[in-house]
K.L.:
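For reference, the structure I am asking about is given below.
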Protein chains: 2
Amino acid sequence: IVRTRDLTKQYQLGDQTVYALRDVKLDIRRGEYISIMGPSGSGKSTLFNMIGGLDKPTSGTVFIDEVDMAQLDAFELAWLRCRKIGYIFQTFNLIPVMTALENVTLPMIFAGMSSDEMLEKGVKLLETVGLGERLHHKPAQLSGGQQQRVAIARSLANDPAIVLADEPTGNLDLRTGKEIIELLRRLNKEQGVTIISATHDLKMIDVSDRVIWIRDGRIERIENREDI
Amino acid sequence: IVRTRDLTKQYQLGDQTVYALRDVKLDIRRGEYISIMGPSGSGKSTLFNMIGGLDKPTSGTVFIDEVDMAQLDAFELAWLRCRKIGYIFQTFNLIPVMTALENVTLPMIFAGMSSDEMLEKGVKLLETVGLGERLHHKPAQLSGGQQQRVAIARSLANDPAIVLADEPTGNLDLRTGKEIIELLRRLNKEQGVTIISATHDLKMIDVSDRVIWIRDGRIERIENREDI
Ligand SMILES: Nc1ncnc2c1ncn2[C@@H]1O[C@H](COP(=O)(O)OP(=O)(O)OP(=O)(O)O)[C@@H](O)[C@H]1O
Ligand SMILES: Nc1ncnc2c1ncn2[C@@H]1O[C@H](COP(=O)(O)OP(=O)(O)OP(=O)(O)O)[C@@H](O)[C@H]1O
Ligand SMILES: [Mg+2]
Ligand SMILES: [Mg+2]
């Protein structure tokens, strides 16, 4: 479902070049649960931005369902980002002036869902992440981990085929973190959603089909489940 | 060094009352290393904001060095926050238009340090957290964990007596997280800095003198090191 070839991203800052990604070659199959692990600054979020069509590579190619993302026009890219991929950002990226429920239902507006459907689904998603009592709270009125969970609920708004999760359990306690991992596992096993998760959380390894280790912008090694 | 008595913080939202803290009684001694653990939404950041003079309680009292914080005027409170307490926020709170070095040296300006001293110390602090090569990068040009480390460096700008650390390793990989915990441990053991850290990171327990477990705004139990 996702393929990258020779994917490179570099940033030029004055006379300093930072290589966020270097010639990344990756094949991710439909329905896989992939964890991407690596040190701080190793390129995980950058890889996410590439796969998710949120940024362009310096060179190289990203294919989603065999379509080269560079060939998509603005409308096609927007459709992909709205309907096929759910994002859980490392910094949540919630809209401060919107309530939890409004944040979760916003993607549904773009997908053309009716008001009643949106509200019902938004409430259900927030209940799923343990926030059924906090629907009308704005991000500033929620703890760090609660905001993260709103972001998780939002990523599922349009039943994505792929969930890109950047540190989804970083601000969560052990038990809440396990609940979120279980939610992602069920999505994967029961609904065939492809999960691609950057994480420092070793609990993720248990539910992953493969773990991709990244360092200094390169894939260091890939471990299959049997090897772990 | 820090005492709280009957500390309560509640938020009123329409007809809903959220109790972030309920009658918290806490005594923290000079030179202790304290970890505060608890589920998402249990009140850790709120407790930090109280102790750190960043917000006012609904009722109850916070004493820093036997001085009631409610009795401090604006100038005294600012002095305390600048010179005595170093903050590591859960969301980093870096200033986007400033470079890493400028973020780290900003508190030093308020403390009246000379330009040369500031630059030397700022560079040294960023080197200590592994960012010696990224002095002139702005937050948007740094990864999540790198931003967190800039925030850690900034908290040490004015050699605080107390470091309040809210999830300091949440965005860090295992190795970088251990390095930061070791840094805090050395500050504590070698320089007598009081460390108060909210965390979900079980590695913190090893270096803590006491662990305070918080749930639904209340102190659930306090474990001494020998008990752990
Ligand atoms: N906009 C940018 N401009 C310059 N450099 C950048 C930019 N974004 C990221 N980088 C650099 O690229 C490298 C990879 O960053 P990335 O955010 O992908 O790391 P990461 O693996 O997600 O790290 P973390 O675990 O800390 O979140 C880092 O060195 C980072 O500083
Ligand atoms: N400004 C606010 N208005 C209303 N409620 C708030 C506000 N700030 C925090 N709360 C609520 O108070 C409770 C405690 O929040 P707090 O941020 O202290 O939790 P926390 O223990 O730090 O959680 P986390 O581990 O997720 O960061 C939560 O239920 C939160 O939603
Ligand atoms: Mg990242
Ligand atoms: Mg918090």
K.L.:
Quick check: do B:T91 and A:Q147 have side-chain heavy atoms less than 4.5 Å from each other?
P.N.:
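Not touching, per the 4.5 Å side-chain cut-off.
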
K.L.:
Verify the neighbour count for atom NZ of A:K138: are there more than 12 heavy atoms of other residues, nucleotides or ligands below 6.0 Å?
P.N.:
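No, NZ of A:K138 has 12 or fewer neighbouring heavy atoms, counting only those of other groups under 6.0 Å.
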
K.L.:
What heavy-atom pair brings B:D173 and A:H200 nearest, and what distance separates the two atoms?
P.N.:
CA-ND1, 3.2 Å

K.L.:
May I ask you to check whether over 12 heavy atoms, not counting those of A:R175, lie within 6.0 Å of atom CZ?
P.N.:
no

K.L.:
Surrounding NZ of B:K203 (heavy atoms of other residues, nucleotides or ligands, distance under 6.0 Å), is the total greater than 12?
P.N.:
yes

K.L.:
Let's test your reading of the structure: which of A:T199, A:V18, A:L174, A:L202 forms the most heavy-atom pairs below 4.5 Å with chain B?
P.N.:
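Greatest number of close heavy-atom pairs with chain B: A:V18.
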
K.L.:
Heavy-atom cut-off 4.5 Å, strictly under: side chain, backbone, both or neither for A:Q148 against chain B?
P.N.:
neither

K.L.:
Does any heavy atom of chain B fall under 4.5 Å from the side chain of A:Q141, the backbone, both, or neither of them?
P.N.:
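Only the side chain of A:Q141 comes within 4.5 Å of chain B.
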
K.L.:
Quick check on A:S40 against chain B: is it the side chain, the backbone, both or neither that has a heavy atom closer than 4.5 Å?
P.N.:
both

K.L.:
Look at A:T176, A:D201, A:L172 and state which one has the largest set of heavy-atom pairs under 4.5 Å with chain B.
P.N.:
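Looking at each of A:T176, A:D201, A:L172 in turn, A:L172 comes out on top.
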
K.L.:
Under 3.5 Å, is there a donor-acceptor pair linking the side chains of A:E167 and B:N171?
P.N.:
no

K.L.:
Taking atom NZ of B:K189 as the centre, does the number of heavy atoms from other residues, nucleotides or ligands within less than 6.0 Å exceed 12?
P.N.:
yes

K.L.:
Determine whether B:H136 and A:L13 make a side-chain contact, defined as any pair of heavy atoms from C-beta on separated by less than 4.5 Å.
P.N.:
no

K.L.:
Which one wins on heavy-atom pair count under 4.5 Å against chain A: B:M37, B:H137, B:R149?
P.N.:
B:H137

K.L.:
I'd like to know whether CD of B:E120 has more than 12 heavy-atom contacts from other residues, nucleotides or ligands below 6.0 angstrom.
P.N.:
no

K.L.:
Which atom names give the shortest non-hydrogen contact between A:E133 and B:Q16, and what distance separates them?
P.N.:
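Closest approach of A:E133 to B:Q16, heavy atoms only: O-NE2, 3.1 Å.
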
